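Beneath this line is the structure, given in structure tokens, with notes to follow.
For clarity, every value in this text was computed on a predicted model and none was experimentally measured.
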Amino acid sequence: MTDTRKTALVVGASRTLGLGLVAEYLRRGWDVIGTVRGSGRTGLHDLADASEGRLTVESLEMTDPEQILSLRDRLEGRALDLLFVNAAITRGDLPIGEVPTEMFTEVMITNALAPMRVVEYLRPLVEPTGTIGIMSSDQGSISLNTEGGQDLYRASKSALNQLMRSYAVRYAGDARALLLVDPGWVRTELGGPEAELSVEESIPGVAESIERHRGKPGLHFVDYQGQVVPW
């Protein structure tokens, strides 16, 4: 175990990558707060039952600003060593000209606007030398886009990266580490069955990349292997 008595908040933790990240931090001896959408039972609840009180489950629809503020109020007094936002959707591989306006709006809100609202609203809960991270993707890299495809998803992740960069500039004197993390191509509902990595292969590396940058202020765009991802 690398740490004890530290606390992480993982937003979007009901399954796959988010659930895996919660499990990894529990394994490392952290206390964890994980969020799910709605009131239905999820794998996170099962994990909480076996956590001996170290995992707390909170409900959050992160696209609703009022729910983010309500979560902040409920967590008032809790000091977070890590705030990590895991959320992304895709709606198929359409050329951008064929993407309906409603689909464009939904993906952009979920993948770019909502994560940044979480960061902005919950920032006061994070320790002054803590870490704020978001799950991004190398598909958000403009320089790496040499094959095209997935226009809307790529654009949403590029927008997320740009917004996080603006956030980092706005808080340039902040001692917190800021991270955009690419988990690799993982076999999830989003990544598909042909993806190269399992959650179990990706997530320990994600946690290591986060740990490696703890105490290093400024914005870092890295992958699950600790490599810098070009913008």
Side-chain angles (χ1 to χ4, degrees), residues 8-22 33-40 42-44 57-72 82-123 132-142 145 149-168 178-192 195 199 202-203 206 219 221 224 229:
L9 169 58
V10 180
V11 174
S14 62
R15 56 195 175 92
T16 58
L17 291 172
L19 182 62
L21 193 61
V22 169
I33 306 160
T35 75
V36 299
R37 297 171 62 190
S39 57
T42 69
L44 190 67
V57 180
E58 291 281 353
S59 177
L60 175 67
E61 172 48 73
M62 62 181 284
T63 61
D64 182 347
E66 292 302 318
Q67 289 198 29
I68 305 173
L69 291 171
S70 178
L71 176 64
R72 185 179 69 187
L82 169 66
L83 165 62
F84 196 88
V85 186
N86 170 62
I89 60 172
T90 184
R91 291 294 182 252
D93 188 6
L94 295 175
I96 196 63
E98 297 178 14
V99 173
T101 300
E102 296 78 8
M103 182 187 295
F104 183 91
T105 302
E106 178 194 21
V107 172
M108 282 292 183
I109 289 174
T110 302
N111 292 3
L113 177 58
M116 290 309 305
R117 277 181 175 154
V118 171
V119 168
E120 293 274 13
Y121 294 0
L122 301 188
R123 175 178 178 269
I132 297 173
I134 303 180
M135 199 75 85
S136 186
S137 170
D138 63 1
Q139 291 199 51
S141 167
I142 292 175
N145 185 5
Q150 296 291 340
D151 293 4
L152 179 53
Y153 181 76
R154 286 181 187 272
S156 70
K157 287 299 188 180
S158 292
L160 170 66
N161 294 351
Q162 185 71 274
L163 291 170
M164 190 63 166
R165 195 157 197 172
S166 293
Y167 173 92
L178 305 176
L179 296 174
L180 292 161
V181 183
D182 167 31
W185 187 21
V186 187
R187 291 188 292 276
T188 64
E189 182 177 331
L190 191 150
V199 171
S202 167
I203 285 300
V206 169
L219 178 60
F221 188 10
Y224 74 104
V229 181

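Heavy-atom minimum distance, Gly34 versus Ala13: CA-CB, 4.1 Å. When all heavy atoms of Leu219 and Ala168 are compared, the closest pair comes out as CB-CB, 3.8 Å. Closest approach of Ala112 and Leu160 over heavy atoms only: CB-N, 3.9 Å. The two residues Lys157 and Ala88 make their nearest non-hydrogen contact at NZ-CB, 3.8 Å. Contact between Gly20 and Ile203 at its shortest, heavy atoms only, is O-CG2, 3.4 Å.
With rounding to the nearest 0.5 angstrom, the CG atom of Asp138 is 7.0 Å from the CZ atom of Phe221. In this structure, CD1 in Ile109 is found 7.5 Å from OG1 in Thr63, a value given to the nearest 0.5 Å. Atom CG of Leu9 and atom OG1 of Thr35 lie 6.5 Å apart (nearest 0.5 Å). The CZ atom of Phe84 sits 6.0 Å away from atom CG of Leu21, with the distance rounded to the nearest 0.5 Å. In this structure, the separation between CG on Asp93 and CG on Asp151 is 7.0 Å, given to the nearest 0.5 Å.
In this structure, Leu17 and Val186 have side chains that are in contact, with non-hydrogen atoms separated by less than 4.5 Å. Side-chain contact between Val11 and Leu83 is present, with heavy atoms from C-beta onward closer than 4.5 Å. Proximity of Leu60 to Ile68: side-chain heavy atoms (C-beta onward) are separated by under 4.5 Å at one or more points. The closest side-chain heavy-atom distance from Arg37 to Ser14 is not below 4.5 Å. Residues Leu152 and Leu94 fail the side-chain proximity criterion, which asks for heavy atoms closer than 4.5 Å.
Side-chain atoms of Asn86 come within 3.5 Å of backbone atoms of Gly12 as a donor-acceptor pair (strictly under, hydrogens ignored). Between the Arg117 side chain and the Met62 main chain, no donor and acceptor come within less than 3.5 Å of each other. Formation of a donor-acceptor pair under 3.5 Å by the Ser202 side chain with backbone atoms of Gly184 is not found in this model. Under the 3.5 Å distance criterion, the side-chain polar atoms of Asp182 are left unmatched by any main-chain donor or acceptor of Ser136. In terms of modelled atom types and a separation under 3.5 Å, the side chain of Ser156 and the main chain of Tyr153 share a donor-acceptor contact. Using a distance-only test at 3.5 Å, with no hydrogens or angles considered, no donor-acceptor pair links the side chain of Asn145 to the main chain of Gln139.
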- prompt: Given Met116 and Met164, is the side-chain contact (heavy atoms from CB on, under 4.5 Å) satisfied, shown in steps?
  reply: CA-CA 7 Å; Met116 290 309 305; Met164 190 63 166; 3.9 Å; yes

task: Could you check Glu61 against Gln67 for side-chain contact (heavy atoms from CB on, under 4.5 Å), going step by step and ending with a plain yes or no?
output: CA-CA 6 Å; Glu61 172 48 73; Gln67 289 198 29; 3.4 Å; yes

- request: Could you walk me through whether Ile89 and Asn111 pass side-chain contact (heavy atoms from CB on, under 4.5 Å), step by step?
  value: CA-CA 7 Å; Ile89 60 172; Asn111 292 3; 3.7 Å; yes

query: side-chain contact (heavy atoms from CB on, under 4.5 Å) between Ile132 and Tyr167: does it pass, once the steps are laid out?
result: CA-CA 11 Å; Ile132 297 173; Tyr167 173 92; 3.7 Å; yes

Distance-only donor-acceptor hits, side chain of residues 98-107, under 3.5 Å, sequence neighbours excluded:
{"from": "Thr105", "atom 1": "OG1", "to": "Thr101", "atom 2": "O", "distance (Å)": "3.0"}
{"from": "Glu106", "atom 1": "OE1", "to": "Arg91", "atom 2": "NE", "distance (Å)": "3.2"}
{"from": "Glu106", "atom 1": "OE2", "to": "Arg91", "atom 2": "NH2", "distance (Å)": "2.8"}

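For Ile142, the CD1 atom is loosely surrounded, since the number of other residues' heavy atoms within 6.0 Å does not exceed 12. Within 6.0 Å of CZ in Arg123 there are more than 12 heavy atoms belonging to other residues, nucleotides or ligands. Around the CZ atom of Arg187, the shell of radius 6.0 Å holds more than 12 heavy atoms that belong to other residues, nucleotides or ligands.
The salt bridge (charged side-chain N to carboxylate O under 4.0 Å, His left out) analysis of residues 63-72, with sequence neighbours excluded, yields no pairs.
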